[in-house]
Amino acid sequence: MRYAVLSDIHGNLDALRAVLADAAAHADAVLVLGDVVGYGAEPEACVDLVGTRARAVVAGNHEHGVTGRMALTWFNPYARAAAEWTRTRLDRDCTAYLDALPVRAVVDDATLVHASPHQPEEWDYLVSEEDGLAAFTAFETRLCFVGHSHVPAMWSLGSSGPDYARGDVDVRLDSGRRYIVNVGSVGQPRDRDSRAAYAVWDLDARRVAVRRVAYDVAAARAKIVAAGLPPRLADRLAAGA
Ligand code: ZN
């Protein structure tokens, strides 16, 4: 069994389609860690595609912002503008679907959350080595997949000590260790690489590897500008930041 683990799609249908095409050759099922909407110009199409293709989906802070579970005063001005615009683009069924998503799910031996497994609805970022290592007490499975920071990373704990790596990680899963993996962002990477990121979790090969997929960034940018969303949200796609 091989899972494609996607996070932070952010209404970027061009990136999502490219990732799903790549995943079709490398994975048997799709898991989604939230922030399907927000920032990008095609939120409803992304929700529809995720809804039909994903085996499990958890909510991110942008789902909670769009559905009203979380006050938009918590968002930065760009995120707030995008959330307000996104609300106008989702029909009632789509909003109800997002509102019903859990904040945590378990698939095989992995916990899925958007931000931190410790109080997922606080939306705390796991960025530093310390952030991740402190989160291992908050889940019981061997693996935990997270997103939210839009930067791939891996934290591991075992008898031979802690381990931490940032970047496009490729991890051999040791039976005596536990792992947290940030799979990066499909629709708005922030690690200076404009290509979409996702991870393949291969249970038989005991491996988790981040993959990068080139997509039509210019098309996604043009749609953001045409939608009247903040131009900064278009420009950052090209910078990967
Ligand atoms: Zn996000």
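Counting starts at 1 for both ligands and their atoms, following the listed order. These numbers come from the heavy atoms of this one structure, side chains and all, not from hydrogens, waters or symmetry mates. This structure is a prediction, so every number in the text was calculated from the model and none was measured.
- For the Zn ion (ligand 1), the count of nearby protein N/O/S atoms, taking only those under 2.8 Å, is 4.
- The number of heavy atoms from other shown groups lying within 6.0 Å of CD (Glu84) is above 12.
- Using cut-offs of 30° and 60° on the angle between ring planes, the pair His10 and His150 is tilted.
- Residues Asp28 and Arg2 are paired through a salt bridge, judged by an N-O separation under 4.0 Å between the basic side chain and the carboxylate.
- At least one side-chain heavy atom of Val30 sits less than 4.5 Å from a side-chain heavy atom of Leu6.
- Both tests do not hold together for Arg232 against Tyr39: distance to the six-membered ring centre under 6.0 Å, angle to the ring axis within 45°.
- Ion pair Asp191/Arg166 not flagged as a salt bridge, since none of the NZ, NE, NH1 or NH2 atoms sits closer than 4.0 Å to an Asp/Glu carboxylate oxygen.
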